[in-house]
Amino acid sequence: MQYGFFDDVRREYVITNPRTPWPWINYLGNEDFFSLISNTAGGYSFYKDAKFRRLTRYRYNNVPMDSGGRYFYIREGGSVWSPGWKPCKTDLEYYECRHGMGYTRITGLKNNLEAELLFFVPLQTRAEVQKVTLRNTSRETKKLQLFSFVEWCLWNAATDMENFQRNFSTGEVEVEGSVIYHKTEYRERRNHYAYYSVNQPVQGFDTDRESFFGLYNGFDDPQTVREGKPRNTVAHGWSPIASHYLEVELEPGNSRELIFLLGYEENEPEEKWESKGIINKSKARETISRFNSVEKVDNAFAALRAYWDQLLGNFRVKTEEEKLDRMVNIWNQYQCMITFCFSRSASYFESGIGRGMGFRDSNQDLIGFVHQIPERARERIIDIASTQFPDGSCYHQYQPLTKKGNNEIGGGFNDDPLWLILGTTAYIKETGDFGILDAAVPFDNEPGSEVPLFDHLTVSFDHVINNRGPHGLPLIGRADWNDCLNLNCFSDDPNESFQTTENRSEGSKAESLMIAGLFVVCGRDYAELCRRLGKIEEARRVLTHVDRMVEAIKQHGWDGEWFLRAYDYFGNKIGSKENEEGQIFIESNGWCSMAGIGLEEGMTEKALNAVKERLDCEHGIVLNNPAYSQYYIEYGEISSYPPGYKENAGIFCHNNPWIIIGETVLGRGDRAWEYFRKICPSYSEAISDLHKVEPYVYAQMIAGKDAFRPGEAKNSWLTGTAAWNFYTISQYILGIRPSYDGLIIDPCIPPEWEHYRVTRRFRGSTYHITVKNPERRMKGVKAITLNGEPITDNVVPLLPAGSECEVEVTL
Ligand code: GLC
Ligand code: GLC
């Protein structure tokens with residue numbers, strides 16, 4: 001069953017039924033001010049950091065789901081309704097929600113009144129614009145009452161929901177004309193405030209929550225709205241809100257536009273006050289004046305559209321698969337921007353208070369983002385590297401507001417350092433900016449400890465060398481990419497977290513074949529970089545270690561039919577036919593295949609065949625098999641999940657692309673494509689009631705074949721799946737791969753594909769690439785012409801910036 005459809009021309013997903021199987025959301029803003037918005041206008045806003053600067057309140061895991069957001073109530077005669085259906089849930093004659101690139105437009109129709117709400121965060125603006133258009137489609141004059149509503153969060157989203165003995169006494173607001181200011185704690189350490197405005201005179205307002213709702217009512221039935229009478233309350237403590245009250249008269253056929261603004265500002269210490277106790281509002285006034293007319297708002301909206309035209313123009317494909325094209329050209333790239341901005345912090349599955357930016361996560365997110373805004377990728381690489389320690393280890397996460405490593409989570413995840421090599425080389429291949437390697441980057445943000453970024457790559461590589469186990473394979477530490485394979489944890493206390501409990505890696509023999517494969521791939525990349533920098537000795541040293549690792553993998557990491565996953569604390573095998581459960585895993589087989597380990601000996605092919613046989617299912621490739629049916633104290637969290645979910649045999653979409661790239665190494669384009677399509681959300685649109693989450697973005701996990709409900713997805717939006725799938729489809733299936741010297745053309749496609757076209761902007765030039773497949777092959781470039789002239793290998797060279805060229809490829 002479907003709940004809407006794709007509108008590719010407008011780059012929107014159009015939801016036509018508000019009762020989606022789960023809230024289907026969108027993100028507004030991609031710089032400093034952010035909002036999450038569901039298809040019924042639920043969600044919240046924050047500035048930079050979803051934990052420390054939460055502007056509006058949101059209650060996760062609420063009953064009913066997704067209660068709380070920016071709500072409009074329309075009262076006409078005795079009836080009350082909301083254009084987004086919720087919270088009133090009054091039946092509408094028409095409902096539509098269009099999620100687009102950085103905006104959401106919700107339209108509701110009732111009693112011949114159409115209300116259209118357009119939400120977006122303009123570029124370079126610390127505010128969410130809400131443009132409300134009311135249209136009278138009847139033959140009579142209408143008199144209606146409009147109430148707006150948002151609920152303020154007391155800034156720190158964590159203490160906001162626990163420290164009520166304090167919170168209920170701190171709330172403060174100011175009301176000035178049509179603007180409601182939230183200034184809780186502004187008097188002491190804070191220098192920031194939020195505001196909610198409308199560009200017309202109001203006929204009333206409310207800022208005290210209980211007065212607005214009545215103590216025993218919910219969002220669906222505020223007492224003031226039911227009675228049509230605002231109370232003009234000024235909140236003192238308890239729970240401050242902001243609600244405007246407007247009376248609107250509309251002639252038949254007429255419409256009226258109102259502009260609401262939900263914003264945030266910070267003042268310098270010496271400019272904090274207008275007069276004693278009264279905040280200095282000049283910055284808010286200035287922002288409000290930038291958006292106080294329909295024309296100004298429409299211009300800002302057009303600028304946002306133009307911005308996305310430009311961004312998405314860097315990679316465009318036209319194949320015969322409509323569902324593929326819309327993902328590659330629109331939604332997958334959009335999701336890559338979102339994961340770049342948020343890492344794993346704030347979604348409808350991530351509460352915004354748990355995690356900041358992940359070291360491994362953000363590095364991987366870069367590979368799907370560098371082609372969009374390389375300057376921002378550059379800054380991110382430096383921020384991430386600044387949280388590394390001199391021995392190459394690093395904080396697992398950092399807070400976006402402070403950019404400091406997060407002490408509570410700590411470090412010790414031995415895969416982490418390698419991802420910095422992946423992210424940095426991806427950036428240089430895209431931009432040619434070798435200069436980034438000279439940037440002075442501190443360790444642990446300590447001033448004075450700066451070394452060139454290049455040295456951070458060296459210590460990243462060496463961290464693996466310096467932490468090897470009895471088989472010469474990388475020690476796993478707290479965990480590798482799989483956060484739930486906790487081989488040094490031995491937790492029997494339900495009150496401790498698997499992620500942070502002290503690990504017993506001292507004397508441990510736990511080694512990871514996943515890190516081993518990753519090390520080979522990243523090591524070769526790092527060696528290649530060294531070679532290009534003329535550091536021939538270093539390149540040689542690196543490759544010696546890489547070769548040794550390859551040997552160690554072949555000798556101690558091969559189980560006969562596939563690659564082992566790990567050795568545990570005691571040196572016993574994991575992911576082996578000798579195990580009763582968890583005999584085969586996806587991660588090590590993915591990375592060792594990507595590295596082409598044992599390609600000549602047939603190991604890669606065997607391993608991928610075993611993956612097909614044992615891990616593949618209808619909805620994707622599961623993580624391990626057989627699933628763990630009981631808790632193994634020596635394996636940790638992985639065996640705490642019921643079979644088929646999350647890291648215990650769920651389809652963890654993030655790692656499916658590793659197998660797909662492995663298949664392209666073998667040249668099996670049919671299989672690569674089959675796997676790709678299975679987890680690609682636009683292909684699941686028709687089974688939305690089973691799939692449950694948004695059909696326009698990837699989810700972290702789809703329940704696997706051992707689960708109670710296989711095919712049900714969870715954890716949409718913030719997942720490395722976005723970057724990995726974009727990387728895989730663009731670089732390994734469509735085969736347009738940035739390199740230091742130019743664009744490598746190396747498609748690996750299903751034989752049915754006859755031709756496709758890609759437009760790629762790269763280093764300032766535009767490449768129009770046509771791939772033809774007259775012999776129905778899967779891989780292997782036979783001929784390439786550049787502007788009609790044949791070229792001898794499959795690297796299209798760099799062109800003078802600003803040029804355009806035609807590239808024709810025959811397989
Ligand atoms: C989550 C984490 C990521 C980890 C993965 C597997 O997506 O954000 O860091 O690698 O789970 O456990
Ligand atoms: C849990 C999740 C895993 C995630 C981790 C992050 O262990 O299963 O996916 O990476 O939490 O802390």
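Read the numbers this way: they start at 1 and go in the same order the structure lists the ligands and their atoms. Basis for what follows: all heavy atoms, side chains included, without hydrogens, waters or symmetry-related copies.
- In this structure, a donor-acceptor pair under 3.5 Å is absent between the side chains of Glu581 and Gln630.
- From the protein, the heavy atom lying nearest to atom 4 (C) of ligand 1 is Trp481 O, 3.3 Å.
- Within the 4.5 Å cutoff, the side chain of Tyr567 has no heavy atoms near those of the Lys509 side chain.
- Ser351 and Tyr58 form no side-chain donor-acceptor contact under 3.5 Å, judged by distance and modelled atom types alone.
- In terms of protein heavy atoms, atom 11 (O) of ligand 2 is closest to Gln499 NE2, 3.8 Å.
- Atoms of ligand 1 found under 4.0 Å from any heavy atom of Asp361, numbered from 1 in the order shown, are 2 (C), 3 (C), 8 (O), 9 (O).
- Taking 4.0 Å as the cut-off between side-chain N and carboxylate O, Glu618 and Lys705 do not count as a salt-bridged pair.
- Scanning the protein for heavy atoms near atom 8 (O) of ligand 2, the closest one is Tyr641 OH, 2.6 Å.
- Any N or O atom pair closer than 3.5 Å counts here, and His396 shares no such pair with ligand 1.
- Under a 4.0 Å heavy-atom criterion, Thr719 is not in contact with ligand 1.
- Just one of Arg376, Arg378, Lys403 meets the salt bridge (Lys or Arg N to Asp or Glu O under 4.0 Å) condition when paired with Asp383; it is Lys403.
- Looking at atom 3 (C) of ligand 2, its nearest protein heavy atom turns out to be Glu647 OE2, 3.0 Å.
- Per-residue contacts place Glu637 under 4.0 angstrom from the following atoms of ligand 2 (heavy atoms of the residue considered): 1 (C), 7 (O), 8 (O).
- At a heavy-atom distance under 4.0 Å, atoms from both the backbone and the side chain of Asp483 approach ligand 1.
- When only modelled atom types and interatomic distance are considered, Glu694 and Tyr348 share no side-chain donor-acceptor pair under 3.5 Å.
- We find that Asp365 and Arg344 are joined by a salt bridge, their nearest charged nitrogen and carboxylate oxygen being less than 4.0 Å apart.
- With a 4.5 Å cut-off on side-chain heavy atoms, Phe519 and Pro417 do not count as touching.
- Tyr334 and Asn26 are linked by a side-chain donor-acceptor pair at a separation below 3.5 angstrom, with hydrogens and angles left out of the test.
- Panel note: side chain Ser393, backbone Phe389; no donor-acceptor pair is recorded below 3.5 Å.
- Residue contacts with ligand 1, taken as heavy atom pairs separated by less than 4.0 Å, involve Arg355 solely via side-chain atoms from C-beta onward.
- Near Phe652, the atoms of ligand 1 lying under 4.0 angstrom from a non-hydrogen atom of the residue are 5 (C), 6 (C), 11 (O).
- Comparing heavy-atom distances from atom 7 (O) of ligand 1 across Met701, Arg360, Gln700 singles out Gln700 as nearest.
- Contact annotation: Phe498 has no heavy atom less than 4.0 Å from any atom of ligand 2.
- The proximity of Arg344 to ligand 2, defined as any non-hydrogen pair under 4.0 Å, does not occur for either the backbone or the side chain.
- Listed by atom number, the atoms of ligand 2 under 4.0 Å from Lys646 heavy atoms are 2 (C), 3 (C), 8 (O), 9 (O).
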